[in-house]
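Below, chains carry the letters A, B, ... as their sequence lines are ordered, and counting in each starts from 1. Just so it is clear, the structure is predicted and the values come from calculations on it, not from any experiment.
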Amino acid sequence: MPELPEVETTRRGIAPAVRGRRIAGLDLHEARLRWPVDPSLPRRLAGQRIRAVERRAKYLLLRLDRGTLIIHFGMSGSLRVLPAGTPRRPHDHIDLRLDNGRVLRFNDPRRFGSWHYTTAPPEQHPLLRALAPEPFAPEFDGAYLYRISRRRRVAVKQLLMNSRLVTGIGNIYANEALFRARVLPWRPAQRLKLAECARLVRGIRAVLNLAIRSGGTTLRDYVGADGRPGYFRQKLYVYERDGRPCRVCGTPIRKRSQGQRSSYYCPTCQH
DNA sequence: ACTGGCTCCTGAGGGC
DNA sequence: TGCCCTCAGGAGCCAG
């Protein structure tokens, strides 16, 4: 799923229902996620209050009294707020029961998601330690992108999807940001001009902002905290639009395989 | 130090 | 209808 806009939409959706609540219990129905979920989680979390709901890159962070829950949605994960006692559906793996009669329920058909708990500062956790700056942080600018792309031969699209270099971007938003910056996805990173890097930063921020405002992009599994899909899909310029006319110039959008993933581009607008 | 390929898993959709 | 193949919002890990 879940690139930055979907995680952020979930964060905003669940925050009002969970912030300040006490954890009544955790039901672990399926621990075989990307990494096995710690079976002592129920004991360790019970009774703690949820102090804040934050996001780092594509990770959702629940700040508790004595530690932090670090949740990742993988390719197909989602988190919903439901009334206690709502019958479980297929792939509902974890329930975080709250003291207000609600349950925070994690569903993930492909089980690429993860749940970790740490009592150390979360930024020191191995999964978060090496992450690049947030796309909206001041230090993430054209000069930054230009600097990290020197000497790298990888295609610019791969660079955008490398979380040690750029965070929050997956296949959908990489394609969309490249279209907005008018840069072809397979351009070697080291050949980018400073002006193109600046356009990419603007394109990344614009597409992420708009997607957040639309509640994210739903292709298959993703739903927000209220169970409703995101509707940014209708505003996509290139992703899964091959054969259809470019919204800017009318040229048919093309699709090409790049590193085990699909790239979509306008052969006229992008160079 | 980079880079590309493989891997985990389930489900949907297309071709025959 | 059913079977087989390909592909899908991620990203850690490994060999070269």
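Rounded to the nearest 0.5 angstrom, A:E134 CD and A:T167 OG1 are separated by 4.5 Å.
Checking the phosphate oxygens (OP1, OP2) of C:dC7, no side-chain nitrogen or oxygen of A:R220 falls inside 4.0 Å. Between A:H72 and the phosphate of C:dG10, there is no side-chain N or O to OP1/OP2 separation shorter than 4.0 Å. Taking side-chain N and O atoms only, A:K58 has no distance below 4.0 Å to OP1 or OP2 of C:dG9. Remark: A:R164 is not in phosphate contact with C:dA11, judged by side-chain N or O atoms under 4.0 Å from OP1 or OP2. Of the side-chain N and O atoms in A:Y59, none sit less than 4.0 angstrom from OP1 or OP2 of C:dG10.
Between A:D38 and the options A:R44, A:R43, A:H116, a side-chain hydrogen bond (donor to acceptor under 3.5 Å, both in side chains) holds for only A:R44. No option in A:K255, A:E240, A:R256 other than A:K255 meets the side-chain contact (heavy atoms from CB on, under 4.5 Å) test with A:S262.
Separating the OH atom of A:Y173 from the C1' atom of C:dG9 is a distance of 8 Å, rounded to the nearest angstrom. We find that CD of A:E240 is positioned 10 Å from C1' of C:dG9, with the value rounded to whole Å. Going from atom CZ of A:R110 over to atom P of C:dC7 covers 13 Å, rounded to whole Å. Rounded to an integer number of Å, the gap from CG of A:N171 to P of C:dG10 is 6 Å. The separation between A:F112 atom CZ and C:dC7 atom C1' is 12 Å, rounded to whole Å. In this entry the distance linking CG of A:D108 with P of C:dG10 reads 13 Å, nearest Å. Regarding A:L33, its CG atom lies at a distance of 16 Å from the P atom of C:dG12, rounded to whole Å. Atom CD of A:E8 is separated from atom C1' of C:dG9 by 16 Å (rounded to the nearest Å).
Counting non-hydrogen atoms under 4.0 angstrom, A:Y239 reaches the backbone sugars and phosphates but no base. Using a 4.0 Å heavy-atom distance criterion, A:R34 is classed as a base contact. In this structure, A:G170 reaches the sugar-phosphate backbone alone: every heavy-atom distance under 4.0 Å involves primed, P, OP1 or OP2 atoms, never a base. Using a 4.0 Å heavy-atom criterion, one finds that A:R261 contacts the bases of the nucleic acid, with or without backbone contacts as well.
B:dC9 is unpaired under the criterion used here, namely a Watson-Crick or G-U wobble arrangement in which both key atom distances are under 3.5 Å. Both distances falling under 3.5 Å, in either a Watson-Crick or a G-U wobble arrangement, place C:dA15 opposite B:dT3.
A search for ring-ring contact (aromatic ring centres under 6.0 Å, His included) contacts involving A:Y264 returns A:Y239, not counting sequence neighbours.
Applying the 6.0 Å contact sphere to CZ of A:R89 captures no more than 12 heavy atoms from other residues, nucleotides or ligands.
Each of A:R151 and A:H91 was matched to the nucleotide of DNA chain B holding its nearest heavy atom; the match closer to the 5' end belongs to A:R151.
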Run A:R205 and A:F136 through side chain to side chain contact (heavy atoms under 4.5 Å, CB included) and show every step you take.
CA-CA 7 Å; A:R205 288 179 170 163; A:F136 298 113; 3.9 Å; yes

Would A:R228 and A:D226 count as a salt bridge (Lys or Arg N to Asp or Glu O under 4.0 Å) here? Give the steps.
CA-CA 6 Å; A:R228 293 167 50 204; A:D226 53 4; 3.7 Å; yes

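Taking atom P in both B:dC9 and C:dC3, one finds a spacing of 23 Å when rounded to whole Å.
B:dG5 shows a glycosidic angle more than 90° from 0 and is accordingly assigned anti.
Of all non-hydrogen atoms in A:Q270 and A:C266, the two that sit nearest each other are OE1-N, 2.8 Å.
Taking every nucleotide of DNA chain B with any atom under 4.0 Å from a non-hydrogen atom of chain A, the first and last of them, 5' to 3', are B:dC2 to B:dG11.
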